[in-house]
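One structure is given below, encoded as structure tokens.
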Amino acid sequence: MKFLAKKSFIVVFLIVFIVNAVLDKGFNIENFGIRIAVSAFFAVLISPRKKKIQTPTGEKTQITWFLLKEPIILD
């Protein structure tokens, strides 16, 4: 999970690609703008949130995911 937390663009890319493919092949939505808008909406909802927090040892980055209970703390 720390790898995906550090490189969140991979998660966003995969979400946009998968949702776009499902909308194109599954629901036959041919309008590219609508597919990208819906895909981007889901990517924003699911992508991790980064927040700087102050700890006794210094400033760290806290990453929270939509479906993950515990936050990931990076140095």
Side-chain angles (χ1 to χ4, degrees):
M1 280 310 266
K2 283 193 176 190
F3 174 76
L4 290 178
K6 288 180 182 179
K7 302 194 182 335
S8 61
F9 64 90
I10 294 172
V11 175
V12 172
F13 175 74
L14 286 175
I15 291 169
V16 168
F17 182 75
I18 291 170
V19 171
N20 195 11
V22 167
L23 290 174
D24 185 29
K25 303 297 181 194
F27 295 109
N28 294 326
I29 297 176
E30 295 180 6
N31 190 342
F32 184 71
I34 292 174
R35 287 194 328 243
I36 291 297
V38 172
S39 300
F41 175 74
F42 281 114
V44 168
L45 284 180
I46 306 256
S47 65
R49 308 288 186 257
K50 295 180 182 180
K51 181 169 70 170
K52 298 281 185 181
I53 58 170
Q54 191 64 32
T55 62
T57 59
E59 188 174 276
K60 297 190 179 204
T61 304
Q62 178 182 0
I63 299 177
T64 56
W65 291 80
F66 179 66
L67 298 173
L68 190 63
K69 289 183 181 179
E70 296 180 11
I72 299 171
I73 298 188
L74 303 175
D75 294 330

Cluster overlap [X] with [Y], hydrophobic side-chain contacts below 4.5 Å:
{"X": "Leu14", "Y": "Leu23", "result": "yes"}
{"X": "Ile63", "Y": "Val44", "result": "no"}
{"X": "Val22", "Y": "Val12", "result": "no"}

Might you confirm whether atom CD of Gln54 has over 12 heavy atoms from other residues, nucleotides or ligands at distances under 6.0 Å?
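Check passes, neighbour count above 12.
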Partners meeting side chain to side chain donor-acceptor pair (under 3.5 Å) with Lys7 (sequence neighbours left out)
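Expected list: none.
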Heavy-atom check, side chain of Phe3 versus side chain of Ile10, under 4.5 Å
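Heavy-atom side-chain distance check passes, below 4.5 Å.
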Name the atoms and distances for all side-chain donor-acceptor pairs under 3.5 Å in residues 28-38, with sequence neighbours left out.
from: Asn31; atom 1: OD1; to: Gly33; atom 2: N; distance (Å): 3.1
from: Arg35; atom 1: NE; to: Asn20; atom 2: OD1; distance (Å): 2.7
from: Arg35; atom 1: NH1; to: Ile29; atom 2: O; distance (Å): 3.2

Scan residues 43-53 for pairs that pass side-chain hydrogen bond (donor to acceptor under 3.5 Å, both in side chains), counting only residues two or more places apart or in two chains.
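Every pair satisfying side-chain hydrogen bond (donor to acceptor under 3.5 Å, both in side chains) with a residue in residues 43-53: Ser47-Arg49, Lys52-Thr61.
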Give me the atom names and distance for the closest heavy-atom approach of Leu45 to Phe66.
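Closest approach of Leu45 to Phe66: O-CB, 3.8 Å.
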Heavy-atom pair with the smallest gap, counting every atom of Trp65 and Ile46:
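Distance-wise, the nearest heavy atoms are CE3-O, 3.9 Å.
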So how far is it from Ile15 CD1 to Ser8 OG, rounded to the nearest 0.5 Å?
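Reported to 0.5 Å precision, the distance equals 10.0 Å.
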